Colleague: 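Structure provided below as C-alpha cells; questions to follow.
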Amino acid sequence: WEVRSKTETPKGHWVSFVDAHSGELLNVHNEVRFMSGTVSAEHDVRTVNGDTAVSPMTGMRVQTDSMAMYSDDSGAWTLDTDETPEGDLIGEFLRVRNEGGADAEFAMLSGDMTLTDEDATQAELDSWIFQGQIREWALTYAPGLSMNSAQLDVFVNIGENCNAYFDGTLNFYQAGSGCNNTGRIADVSFHEWGHGFHYYSLVSGEFDGSISEGIGDS
C-alpha cells in the first residue's frame with residue numbers, strides 16, 4: 001500500500017510504502033526537495049598584516065525567487081526548494097554596501113562554501129565578520145540596547161583615505177595615502193560601533209563627540 005501524508009515542521013510531503021499483509025514499513029521518502037549548506041568567509045583577524053582566519057557568515061541572506069532565509073550562527077542554511085539559491089550581504093540586522101563598486105552577490109550557493117576576496121572585496125567580508133562579532137558581544141553584555149534589534153548599515157571602500165566615522169551608519173574608507181582600508185581593521189570597526197553604542201545609550205543630555213572617542217575605545 002502507498003500512504004501519503006504531510007507535515008509543516010519539518011516541511012514534508014511524505015510517501016510511505018507499507019506491506020499490505022504484515023503492515024511492515026518498507027520505505028518512506030519526502031517529495032519536498034531541500035537545498036542546504038554552510039557559508040563561511042576568510043577574513044583579516046585584526047588588521048591588514050596577512051594574519052587571516054575563517055569564520056561563519058552568521059545572518060547572511062540566502063534566497064531564491066520565491067523564498068529567503070538567514071544563515072544561523074554556524075553559517076548553516078536550508079531552503080525547501082530544488083532551485084539553487086543566491087546570497088548577499090543584506091541580513092536581518094546588518095547590511096554591508098560597497099561604495100567602490102557593485103555590492104557583493106554570491107551565485108549558486110550549495111554545500112560548504114568559504115568566501116574569499118575573489119567573491120567580494122575583503123572590506124565587505126571583514127566588516128560583516130567584525131560587526132557580527134561585536135553584535136554577539138552586545139547581546140551578552142548590553143541585551144537591552146535598541147541598536148541590537150535594528151538593521152545596521154555599513155558602507156565600505158568609500159573613496160577617501162585614513163578615516164572612518166559613525167553618523168547613524170558605519171562608514172569606512174578605502175586604502176591610500178599610507179593608510180590601510182579602515183573596513184579591514186577590527187579595532188576601527190569596533191570603535192565606530194562604539195560611537196553608536198554611546199549614541200543609543202544616552203538617557204539625557206547631548207551627544208558629545210570628544211567623550212564618545214573615549215567611549216568608542218572602551
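Not measured: the values here are computed from a predicted model.
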Colleague: Treat each ILVMFWY residue as a node, draw an edge where side-chain heavy atoms are under 4.5 Å apart, and state whether I90 and V39 are in one component.
Modeller: no
Colleague: Taking the side chain as every heavy atom from C-beta outward, state whether D126 and S189 have any atom pair closer than 4.5 Å.
Modeller: no
Colleague: Check N148 against A138 and note the closest heavy-atom contact, atom names and distance.
Modeller: OD1-CB, 3.3 Å
Colleague: With no hydrogens and no angle check, is any side-chain donor or acceptor of Q122 less than 3.5 Å from a backbone partner on E42?
Modeller: yes
Colleague: Per the salt bridge (Lys or Arg N to Asp or Glu O under 4.0 Å) rule, what does the pair list look like for residues 43-64, sequence neighbours excluded?
Modeller: D44-R184, R46-D187, R61-D88
Colleague: For the atom pair CG (L109) and OG1 (T84), what is the distance rounded to the nearest 0.5 Å?
Modeller: 9.0 Å
Colleague: Using the rule that Ile, Leu, Val, Met, Phe, Trp and Tyr join whenever any side-chain heavy atoms are under 4.5 Å apart, tell me whether F190 and L170 fall into a single cluster.
Modeller: yes
Colleague: Side chain of T38, backbone of D112: donor and acceptor closer than 3.5 Å?
Modeller: no
Colleague: Mark yes when over 12 heavy atoms from residues, nucleotides or ligands other than D167 sit less than 6.0 Å from its CG; otherwise mark no.
Modeller: yes
Colleague: Report the C-alpha separation of N180 and I185 in whole Å, then their side-chain angles, then the decisive distance to 0.1 Å, and conclude whether the side chain to side chain contact (heavy atoms under 4.5 Å, CB included) test is met.
Modeller: CA-CA 8 Å; N180 286 321; I185 304 172; 4.1 Å; yes
Colleague: Are the side chains of L79 and V62 in contact, using a 4.5 Å heavy-atom criterion?
Modeller: yes
Colleague: Once rounded to the nearest 0.5 Å, what's the spacing between atom CG of N171 and atom CZ of F155?
Modeller: 6.5 Å
Colleague: Any side-chain heavy atom of L152 sitting closer than 4.5 Å to one from R95?
Modeller: no
Colleague: Taking it one step at a time, do F106 and E86 satisfy side chain to side chain contact (heavy atoms under 4.5 Å, CB included)?
Modeller: CA-CA 6 Å; F106 314 111; E86 300 177 346; over 6 Å; no
Colleague: Please determine whether the number of non-hydrogen atoms from other residues, nucleotides or ligands lying under 6.0 Å from atom CG of N27 exceeds 12.
Modeller: yes
Colleague: Are Y70 and W77 connected in a single hydrophobic cluster, I mean Ile/Leu/Val/Met/Phe/Trp/Tyr linked by side-chain heavy atoms less than 4.5 Å apart?
Modeller: no
Colleague: Are the side chains of V154 and L94 in contact, using a 4.5 Å heavy-atom criterion?
Modeller: yes
Colleague: Which atoms form the tightest heavy-atom contact between V156 and E124, and what is the distance?
Modeller: CG2-CG, 3.7 Å
Colleague: Quick one: CE on M113 to CE on M108, what's the gap to the nearest 0.5 Å?
Modeller: 9.0 Å
Colleague: Check the side chains of D153 and T169 for a donor-acceptor pair under 3.5 angstrom, ignoring hydrogens and angles.
Modeller: no
Colleague: For a quick test of reading the model, state the closest non-hydrogen atom pair linking F172 to S127 and the distance between them.
Modeller: CD1-OG, 4.4 Å
Colleague: Does V48 reach the side chain of N181, with side-chain heavy atoms less than 4.5 Å apart?
Modeller: no
Colleague: Going hydrophobic residue to hydrophobic residue with side-chain gaps under 4.5 angstrom, can you get from M147 over to V96?
Modeller: yes
Colleague: Between D73 and T58, is a side chain to side chain donor-acceptor pair (under 3.5 Å) present by the stated rule, with each step listed?
Modeller: CA-CA 5 Å; D73 290 346; T58 301; 4.6 Å; no
Colleague: So among N98, D103, N157, which one has a side chain to side chain donor-acceptor pair (under 3.5 Å) with T121?
Modeller: N157
Colleague: Closest heavy-atom contact between L125 and A41?
Modeller: CD2-CB, 4.3 Å
Colleague: Between S71 and M60, is there a donor-acceptor pair closer than 3.5 Å when you use the side chain of the first and the backbone of the second?
Modeller: yes
Colleague: Within this structure, what is the OG-CZ distance for the pair S55 and F130, rounded to the nearest 0.5 Å?
Modeller: 9.0 Å
Colleague: Heavy-atom distance under 4.5 Å between the side chains of Y165 and Y173, does that happen here?
Modeller: yes
Colleague: Using the ring of each side chain (for Trp, its six-membered ring), is W137 parallel, tilted or perpendicular to Y141, with breaks at 30° and 60°?
Modeller: tilted
Colleague: Would you say T52 and H43 make side-chain contact, with heavy atoms under 4.5 Å?
Modeller: no
Colleague: So E83 and S66, do their side chains get closer than 4.5 Å, heavy atoms only?
Modeller: yes
Colleague: Under a single-linkage definition using a 4.5 Å side-chain heavy-atom cutoff for Ile, Leu, Val, Met, Phe, Trp and Tyr, are I129 and F93 assigned to the same hydrophobic cluster?
Modeller: no
Colleague: Compare every heavy atom of Q63 with every heavy atom of A68, then report the nearest pair and how far apart it is.
Modeller: CB-CB, 3.6 Å
Colleague: Taking atom types as modelled and ignoring hydrogens, do the side chains of S74 and D72 form a donor-acceptor contact shorter than 3.5 angstrom?
Modeller: yes
Colleague: Would you please test D80 and M67 for side chain to side chain contact (heavy atoms under 4.5 Å, CB included) and show each step?
Modeller: CA-CA 9 Å; D80 55 336; M67 62 186 68; 3.4 Å; yes
Colleague: Carefully, step by step, assess S201 and L145 under the rule side chain to side chain contact (heavy atoms under 4.5 Å, CB included).
Modeller: CA-CA 7 Å; S201 297; L145 185 68; 3.7 Å; yes
Colleague: Sequence neighbours left out, what pairs pass disulfide bond (SG atoms under 2.5 Å apart) with at least one residue falling in residues 78-171?
Modeller: C162-C179
Colleague: Measuring from M57:CE to T114:OG1, what's the distance to the nearest 0.5 Å?
Modeller: 10.5 Å
Colleague: How long is the straight-line distance from OG of S146 back to OH of Y199, given to the nearest 0.5 Å?
Modeller: 9.5 Å
Colleague: Mind checking what makes salt bridge (charged side-chain N to carboxylate O under 4.0 Å, His left out) contact with E24, not counting sequence neighbours?
Modeller: none
Colleague: Apply the test salt bridge (charged side-chain N to carboxylate O under 4.0 Å, His left out) to residues R97 and E99: give CA-CA distance (whole Å), side-chain angles for both, the deciding distance (0.1 Å), then the verdict.
Modeller: CA-CA 6 Å; R97 297 299 182 89; E99 293 294 279; over 6 Å; no
Colleague: Identify the two heavy atoms, one from L25 and one from S16, that lie closest to each other, and give their separation to 0.1 Å.
Modeller: CD1-CB, 3.9 Å
Colleague: Evaluate whether atom CZ of F166 has more than 12 neighbouring non-hydrogen atoms of other residues, nucleotides or ligands under 6.0 angstrom away.
Modeller: yes
